[in-house]
Amino acid sequence: MSDARNRLLGTASRLFYAEGLHSVGVDRILAEAKVTRATMYRHFAGKEDLVLEYLTEADKATRRNVEAGVAAAADDADAVRSVARGIAAHIRLEEFRGCAFLNAAAEYADPEHPVHKAVLAHRQWFLDTVTALLARVGNAPAERDGRHFVMLRDGAMAAGCLSDPDPIGDTLLEAVEGILRGRG
């Protein structure tokens, strides 16, 4: 990957996450990344492709974090807890501005739009991942508990932006313990 492409994507990702996808223009991204319009078009067909790559990179980062937490877990239940701890830690970051995917879905509501489809693909992967983990723990029905986990995550992401994230993270962890005990 070229240095210019990395600067474009890094700048766009920072701005998109902090300020929103529609509110950040290409001219600002180019100025802050210190690249020309021609350079951008050599790497991306347009702003939409840049948005899609931003979401692709966010998806990859989430997958790496989940996989690392699961790999380091002592057992299957701890793997579920590890995913929840990762979410709680994420919402407690000073720069936290919500879920990049939920934010993107709010800006691209058309279910046929490629950005919206990227959001849905990420969400399906996350649901499938936590459902599989819960099935390994022995939770039945794992599908219901997986949906509950995703709803808890969504709520924690939204609430973490609106209020003190510390008790929100604690509540998420407590609720996941309830799911693990079969009270999801």
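Atoms considered below: every heavy atom in the structure, side chains included; atoms not considered: hydrogens, waters and symmetry mates.
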> Of all heavy-atom pairs between Leu52 and Pro114, which one has the smallest distance, and what is that distance?
Replying inline: CD2-O, 3.5 Å
> For the side chain of Tyr17 and the backbone of Gly98, is there at least one donor-acceptor N/O pair under 3.5 Å apart?
Replying inline: yes
>> Using only atom types and a distance under 3.5 Å, with no angle test, would you say the side chain of Glu107 pairs donor to acceptor with the backbone of His22?
In response: yes
>> Within the structure provided, determine whether Phe126 and Phe101 are in side-chain contact (heavy-atom separation under 4.5 Å).
In response: no
> Between Thr39 and Val35, is there a donor-acceptor pair closer than 3.5 Å when you use the side chain of the first and the backbone of the second?
Replying inline: no
>> When you compare the side chain of Ile29 with that of Glu32, does any pair of heavy atoms fall below 4.5 Å?
In response: no
> Would you say Lys47 and Phe16 make side-chain contact, with heavy atoms under 4.5 Å?
Replying inline: yes
> Does some side-chain heavy atom of Pro165 sit less than 4.5 Å from a side-chain heavy atom of Phe96?
Replying inline: no
> Side-chain contact, heavy-atom cut-off 4.5 Å: Val137 with Val80?
Replying inline: yes
> Going from CZ on Arg81 to CD on Glu177, what distance comes out if it is rounded to the nearest 0.5 angstrom?
Replying inline: 4.0 Å
> Heavy-atom distance under 4.5 Å between the side chains of Arg28 and Glu19, does that happen here?
Replying inline: yes
> Which heavy atom of Val119 sits nearest a heavy atom of Ala104, and at what distance?
Replying inline: CG2-CB, 3.8 Å
> Between Thr62 and His122, do the side chains contain an N or O donor and an N or O acceptor separated by less than 3.5 Å?
Replying inline: no
> Salt bridge between Asp59 and Arg123, side-chain N to carboxylate O under 4.0 Å?
Replying inline: no
>> Is any side-chain heavy atom of Val70 closer than 4.5 Å to one of Glu67?
In response: no
> Between Thr131 (side chain) and Leu127 (backbone), is there a donor-acceptor pair under 3.5 Å?
Replying inline: yes
>> Using a 3.5 Å distance criterion without hydrogens, assess whether the side chain of Asp49 forms a donor-acceptor pair with backbone atoms of Ala45.
In response: yes
> Atom CE of Met40 and atom CG of Leu9: how far apart are they, to the nearest 0.5 Å?
Replying inline: 12.0 Å
> Going only through I, L, V, M, F, W and Y residues with side-chain contacts under 4.5 Å, is there a path from Leu120 to Leu102?
Replying inline: no
> With distance as the sole criterion, is a donor-acceptor pair present between the side chains of Glu48 and His113 under 3.5 Å?
Replying inline: yes
> Taking a hydrophobic cluster as the set of Ile, Leu, Val, Met, Phe, Trp and Tyr residues connected by side-chain heavy atoms closer than 4.5 Å, whether directly or through intermediates, do Met157 and Trp125 fall within one such cluster?
Replying inline: yes
>> What's the separation between atom CZ in Arg7 and atom NZ in Lys34, rounded to the nearest 0.5 Å?
In response: 8.5 Å
> If you look at every heavy atom in Gly46 and Tyr41, which pair is closest and at what distance?
Replying inline: CA-CE2, 3.8 Å
> Would you find a donor on one side and an acceptor on the other, under 3.5 Å apart, between the side chain of His148 and the backbone of Ile179?
Replying inline: no
Just list the side-chain donor-acceptor pairs under 3.5 Å for residues 168-175, sequence neighbours left out, or say none.
| unit_1 | atom_1 | unit_2 | atom_2 | d |
| --- | --- | --- | --- | --- |
| Asp170 | OD1 | Arg92 | NH2 | 2.7 |
| Thr171 | OG1 | Pro167 | O | 2.8 |

> What do the steps show when you test Glu95 against Arg14 for salt bridge (charged side-chain N to carboxylate O under 4.0 Å, His left out), and what is the final call?
Replying inline: CA-CA 10 Å; Glu95 65 273 10; Arg14 177 178 48 81; over 6 Å; no
>> Donor-acceptor pair, distance only, cut-off 3.5 Å: does the side chain of Asn103 make one with the backbone of Arg97?
In response: yes
>> What verdict does the side chain to side chain contact (heavy atoms under 4.5 Å, CB included) test give for Leu30 and Leu8, after you've listed the backbone C-alpha separation in whole Å, the side-chain angles of each residue and the deciding distance to 0.1 Å?
In response: CA-CA 7 Å; Leu30 295 175; Leu8 271 167; 3.9 Å; yes
>> Please report the interatomic distance CG(Leu55) to OG(Ser13), rounded to the nearest 0.5 Å.
In response: 8.5 Å
> Would you say the side chain of Leu134 lies within less than 4.5 Å of the side chain of Leu180, judging by non-hydrogen atoms?
Replying inline: yes
>> Is it the case that the ring center of Tyr108 lies less than 6.0 angstrom away from the ring center of His116?
In response: no
>> I need the Leu133 CG to Phe149 CZ distance, nearest 0.5 Å.
In response: 8.5 Å
> Which pair of heavy atoms, one from His43 and one from Ala4, lies closest together, and at what distance?
Replying inline: NE2-CB, 4.5 Å
> What's the spacing between Ser82 OG and Asp75 CG if we round to 0.5 Å?
Replying inline: 11.0 Å
